[in-house]
Participant: 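Quick one: this structure, given as structure tokens, is what I'll be asking you about.
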Amino acid sequence: RSPLTAHRSPLTAHRSPPPAFLPHAPSLTPSLAPHLPPHPSAGAYDAIVALKWIKANIAFFGGSPRDVTLFGQSSGSYLTCTLSASPAAAGLFSRAILESGPCIGGPPGRGWGPGNLTRGLTIAAEVMAAHNVTDVAGLRSISDASTIQWPDYLMNDLDVAPYFSGYFEDELLASEPLEAYWARGTIHPTALIIGHNSKDGTAAFYGTAPTIGMVPPDPKQTGAAAYTAALTKAWGARLGVIIGSHYSLDRFNGSAQAAYMQADADAYVICPAFALARHAATNNRSVWSYEFAHFQPGRAGGEEPAGGGCDNGVELDVVSPTDRSANRLWATHGAETSYVWSTPYGQDGLGPPNNITNCSFTHEEAVLSQVMMTYWANLAAHGDPNGDPNGHTNTGAQSVQILGGRAEAGDTAAQGRSSKPPASWPEYGGGGSVVRPTQLLTTDGDGGIAPIPQLREADCSFWERLWAKEGGVVSYGE
């Protein structure tokens with residue numbers, strides 16, 4: 001069995017469709033109005049109900065209500081981040097894993113934090129009007145819920161879509177900005193894994209990143225002129241010059257794609273995630289930070305063309321599947337999930353719909369996946385990714401069983417064991433140290449799993465100085 005299911009400390013997963021986070025006033029839920037808070041985020045309350053059920057019943061399954069771990073990726077991580085601070089979720093879980101989804105920070109007015117409630121109510125009214133209903137009960141009566149989506153401009157207008165979080169302020173979830181809870185340490189988890197991928201921005205998913213022209217009909221947008229044009233469109237001319245100077249092409253071997261994606265990732269995901277880690281560590285929480293940085297091209301044998309489908313950056317046309325000078329240590333948003341769950345063969349969400357991708361693991365990749373699962377499971381079981389800190393049984397020190405996937409041709413070793421134990425993972429800022437190590441998660445061929453002190457801190461300091469200089473109010477279209 002996978003370490004993620006072998007232990008007795010439950011982990012809950014969350015994925016909700018957009019309607020679950022439509023803000024609505026009690027007047028729009030007449031039958032339930034007496035029991036609802038003024039403007040509930042239904043999806044978050046669904047998760048709270050699930051956590052309450054787990055707390056009440058997990059003992060019947062051999063688990064402990066004191067050892068519940070909540071984790072998610074992207075929007076699921078955002079929700080985990082929010083519930084970690086929300087008074088409404090107090091006492092429901094004690095550990096958390098956040099993968100690429102901060103709920104604080106980012107560019108002013110554009111970060112992944114909750115949006116303005118008034119705007120949210122306006123958007124909710126637009127969604128209802130599109131289906132000729134006037135309240136939430138009307139939406140619930142629609143037989144095909146997949147047709148209930150955010151307005152088209154929020155998904156496809158490139159001046160709006162990349163900066164729409166889909167979450168809105170909710171006074172009963174959090175009566176203050178979420179960062180206030182994290183900064184003073186009034187969060188529920190006592191042990192956390194907080195991390196990101198090396199190229200973790202979402203600009204390529206929305207089509208704002210310059211493309212390399214390998215996926216028709218995308219244009220070839222390489223070189224300095226294309227990079228400047230993309231930065232200007234995203235940030236405005238003045239900020240584009242400032243950002244382009246810091247993320248200069250010579251830092252990225254002349255690649256407009258690598259430079260743009262790194263700036264986007266740092267601004268929206270990586271640096272806010274580090275801010276969460278600093279807040280938690282400063283307030284005496286045990287924190288482990290990671291950066292997943294393994295690039296995996298698609299294999300022959302799936303419905304995707306060879307090279308595509310495994311790292312989304314290939315299909316999004318921002319990284320070559322074969323040029324190792326470009327894709328080494330490149331991991332697009334979402335790339336780590338196959339390794340956390342050891343799921344190397346399955347559906348690819350980018351399209352065509354439900355096409356099957358062969359992302360079978362090499363021996364090194366299978367070891368990386370198993371090490372990551374062991375880290376995650378150890379945090380849930382022991383509150384420490386390295387294993388039980390108070391006993392002699394250390395899951396992380398045992399030989400690694402290779403699970404899942406199909407070996408590359410001739411790679412029979414991938415079906416056996418690795419005698420190499422997972423590398424020790426030091427705490428982020430543990431023991432009052434000013435050295436804040438981040439565990440690099442990649443294969444041995446790319447340097448292996450190892451802690452790197454103060455990873456990306458110079459870039460994060462750049463963003464902090466920039467927003468401080470801008471006074472927290474930024475005009476992007478000047």
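Predicted model, so just to flag it, every value in this text is computed and none were measured.
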Participant: So, does Ser286 use its side chain to make a donor-acceptor pair with the main chain of Ala191 at under 3.5 Å?
Facilitator: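 Not at all, since once roles are kept as given, no pair shorter than 3.5 Å links the two residues.
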
Participant: For Asp459, what residues pass the salt bridge (Lys or Arg N to Asp or Glu O under 4.0 Å) criterion, not counting sequence neighbours?
Facilitator: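 Per chain and number, Asp459 pairs via salt bridge (Lys or Arg N to Asp or Glu O under 4.0 Å) with Arg251.
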
Participant: May I ask you to decide if Leu329's main-chain N or O and Ser198's side chain share a donor-acceptor pair within less than 3.5 Å?
Facilitator: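 Answer holds: yes.
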
Participant: Tell me which pairs pass disulfide (SG to SG under 2.5 Å) where either residue lies in residues 237-275, with sequence neighbours left out.
Facilitator: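 Qualifying pairs, neighbours excluded: Cys271-Cys460.
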
Participant: For Ser100 and Asp200, does a side-chain donor sit closer than 3.5 Å to a side-chain acceptor?
Facilitator: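 Result is yes, a qualifying pair exists.
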
Participant: Restricting to non-hydrogen atoms, name the atom on Ser84 and the atom on Pro189 that form the minimum distance, rounded to 0.1 Å.
Facilitator: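 Closest pair (atom of Ser84, atom of Pro189, distance): OG-CG, 3.5 Å.
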
Participant: Answer yes when Glu336 and Lys199 have at least one side-chain N-carboxylate O distance shorter than 4.0 Å, and no when they do not.
Facilitator: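 Salt bridge absent between Glu336 and Lys199.
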
Participant: With sequence neighbours excluded, what pairs up with Ala174 under the side-chain contact (heavy atoms from CB on, under 4.5 Å) test?
Facilitator: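 Only Leu178, Tyr181 meet the side-chain contact (heavy atoms from CB on, under 4.5 Å) criterion with Ala174.
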
Participant: Could you tell me whether a side-chain N or O of Gln296 sits under 3.5 Å from a main-chain N or O of Cys359, the two making a donor and an acceptor?
Facilitator: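 Indeed, once roles are kept as given, a pair shorter than 3.5 Å links the two residues.
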
Participant: According to side-chain contact (heavy atoms from CB on, under 4.5 Å), who are the partners of Ala203, at least two apart in sequence or on a separate chain?
Facilitator: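 Scan of Ala203 (side-chain contact (heavy atoms from CB on, under 4.5 Å), adjacent residues dropped) gives Thr208, Ala209, Tyr260, Asp264.
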
Participant: Do you know which two heavy atoms are closest between Arg285 and Ile187, and how far apart they sit?
Facilitator: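 Closest approach of Arg285 to Ile187: NH2-O, 2.6 Å.
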
Participant: Drop me the distance from Asp266's CG to Tyr268's OH, to the nearest 0.5 angstrom.
Facilitator: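 Here the interatomic distance stands at 12.5 Å.
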
Participant: Looking at Trp425 and Ser289, would you say the former's side chain and the latter's main chain have a donor-acceptor pair under 3.5 Å?
Facilitator: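 Yes; at least one donor-acceptor contact below 3.5 Å.
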
Participant: Check Ser424 against Pro426 and note the closest heavy-atom contact, atom names and distance.
Facilitator: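 Here Ser424 and Pro426 meet closest at O-CD, 3.4 Å.
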
Participant: Less than 3.5 Å apart, any donor N or O on the side chain of Gln439 or Tyr375 sitting next to an acceptor on the other?
Facilitator: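 Gln439 vs Tyr375: donor-acceptor pair found between side chains.
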
Participant: Can any side-chain N or O of Asp388 pair as donor or acceptor with the backbone N or O of His382 at less than 3.5 Å?
Facilitator: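 Here the side-chain-to-backbone pair does not exist.
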
Participant: Between CG of Leu455 and CG of Leu440, what distance do you get to the nearest 0.5 Å?
Facilitator: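 CG of Leu440 is found 7.5 Å from CG of Leu455.
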
Participant: Check whether any side-chain N or O of Thr147 sits under 3.5 Å from a backbone N or O of Asp144 as a donor-acceptor pair, and report yes or no.
Facilitator: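 Side chain of Thr147 to backbone of Asp144, a donor-acceptor pair under 3.5 Å: yes, one is there.
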
Participant: Do Gln262 and Tyr247 have side chains that get closer than 4.5 Å, going by heavy atoms?
Facilitator: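 Yes; the side chains approach each other to less than 4.5 Å.
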
Participant: Considering non-hydrogen atoms only, spot the tightest contact between Pro114 and Cys103 and give its length.
Facilitator: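 Scanning both residues completely, I find the closest heavy atoms to be CD-O, 4.2 Å.
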
Participant: Let me see the working for Glu464 and Arg278 under salt bridge (Lys or Arg N to Asp or Glu O under 4.0 Å), right down to the final yes or no.
Facilitator: CA-CA 14 Å; Glu464 290 175 0; Arg278 287 198 307 273; 2.9 Å; yes

Participant: Is a donor on one side and an acceptor on the other found under 3.5 Å between the side chain of Gln257 and the backbone of Pro210?
Facilitator: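 At least one qualifying donor-acceptor pair exists.
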
Participant: Looking only at heavy atoms, which two atoms of Thr343 and Thr337 are closest? And how far apart?
Facilitator: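 Nearest heavy atoms, Thr343 then Thr337: OG1-O, 4.4 Å.
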
Participant: With the side chain counted from C-beta on, respond yes when Trp330 and Asn197 share a heavy-atom pair under 4.5 Å apart, and no when they do not.
Facilitator: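 In short, these two side chains do not touch, never coming nearer than 4.5 Å.
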
Participant: Go through the side-chain N and O atoms of Asn156 and Tyr206 and say whether any donor and acceptor fall under 3.5 Å apart.
Facilitator: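 No, no side-chain donor-acceptor contact under 3.5 Å.
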
Participant: Between Trp376 and Tyr290, is the ring pair (Phe, Tyr, Trp, His ring centres under 6.0 Å) condition met? List the steps.
Facilitator: CA-CA 11 Å; Trp376 268 232; Tyr290 76 86; 5.3 Å; yes

Participant: State which residues pass side-chain contact (heavy atoms from CB on, under 4.5 Å) with Thr282; sequence neighbours excluded, sorted by chain then number.
Facilitator: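 Thr282 satisfies side-chain contact (heavy atoms from CB on, under 4.5 Å) with no other residue.
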
Participant: Measure the shortest side-chain to side-chain distance between Phe292 and His196 over non-hydrogen atoms and say whether it is less than 4.5 angstrom.
Facilitator: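 Counting from C-beta outward, Phe292 and His196 never come under 4.5 Å.
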
Participant: Under a 4.5 Å cut-off applied to non-hydrogen side-chain atoms, are Cys81 and Trp182 in contact?
Facilitator: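 Yes, close enough: below the 4.5 Å cut-off.
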
Participant: Tell me, which pairs form a side-chain hydrogen bond (donor to acceptor under 3.5 Å, both in side chains) where one or both residues lie in residues 217-227, sequence neighbours left out?
Facilitator: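 As it turns out, the side-chain hydrogen bond (donor to acceptor under 3.5 Å, both in side chains) pairs with a partner in residues 217-227, which skip direct neighbours, are Thr211-Gln221.
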
Participant: Suppose we screen for side-chain contact (heavy atoms from CB on, under 4.5 Å). Which residues come up paired with Thr443, at least two apart in sequence or across chains?
Facilitator: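 With sequence neighbours excluded, Thr443 shows a side-chain contact (heavy atoms from CB on, under 4.5 Å) to His294, Glu364, Glu365, Leu368, Asp446, given in chain and number order.
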
Participant: With sequence neighbours excluded, what pairs up with His188 under the side-chain hydrogen bond (donor to acceptor under 3.5 Å, both in side chains) test?
Facilitator: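 Applying side-chain hydrogen bond (donor to acceptor under 3.5 Å, both in side chains) to His188 gives none.
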
Participant: Which residues pass the salt bridge (Lys or Arg N to Asp or Glu O under 4.0 Å) test with Glu126, not counting sequence neighbours?
Facilitator: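 For Glu126, no residue satisfies salt bridge (Lys or Arg N to Asp or Glu O under 4.0 Å) once neighbours in sequence are set aside.
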
Participant: If the condition is ring pair (Phe, Tyr, Trp, His ring centres under 6.0 Å), which residues does Phe93 pass it with, not counting sequence neighbours?
Facilitator: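 Here no residue qualifies.
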
Participant: Within the 4.5 Å heavy-atom criterion, are Leu379 and Arg95 side-chain neighbours or not?
Facilitator: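 Touching, per the 4.5 Å side-chain cut-off.
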
Participant: Less than 4.5 Å apart, any side-chain heavy atom of Leu98 and any of Ile193?
Facilitator: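 A side-chain contact under 4.5 Å is absent here.
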
Participant: Keeping Asn327 on the side-chain end and Ser320 on the backbone end, is there a donor-acceptor pair under 3.5 Å?
Facilitator: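 Yes, the answer is positive, given that a donor and an acceptor are paired below the 3.5 Å cut-off.
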
Participant: Any non-hydrogen side-chain atom of Asn312 less than 4.5 Å from a side-chain atom of Phe205?
Facilitator: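 SC-SC contact between Asn312 and Phe205 confirmed.
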
Participant: For Asn253, what residues pass the side-chain hydrogen bond (donor to acceptor under 3.5 Å, both in side chains) criterion, not counting sequence neighbours?
Facilitator: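 Checked Asn253 against side-chain hydrogen bond (donor to acceptor under 3.5 Å, both in side chains); zero matches.
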
Participant: Do Arg110 and Trp235 meet the cation-pi criteria used here (NZ or CZ under 6.0 Å from the six-membered ring centre, within 45° of the axis)?
Facilitator: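 Flagged: Arg110 positioned over aromatic ring of Trp235.
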
Participant: With a 4.5 Å heavy-atom cut-off, do Ile449 and Thr442 have their side chains touching?
Facilitator: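 They are not in side-chain contact.
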
Participant: Report the C-alpha distance between Arg238 and Glu470 in whole Å, list the side-chain angles of each, state the deciding distance to 0.1 Å, and finish with yes or no for salt bridge (Lys or Arg N to Asp or Glu O under 4.0 Å).
Facilitator: CA-CA 12 Å; Arg238 181 176 60 84; Glu470 297 297 322; 3.0 Å; yes

Participant: Heavy atoms only: give me the nearest Val318-Ala204 pair and the separation to one decimal.
Facilitator: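 Looking at all heavy atoms of both residues, the closest pair is CG1-CB, 3.9 Å.
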
Participant: What residues form a salt bridge (Lys or Arg N to Asp or Glu O under 4.0 Å) with Glu291, not counting sequence neighbours?
Facilitator: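 Arg456.
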
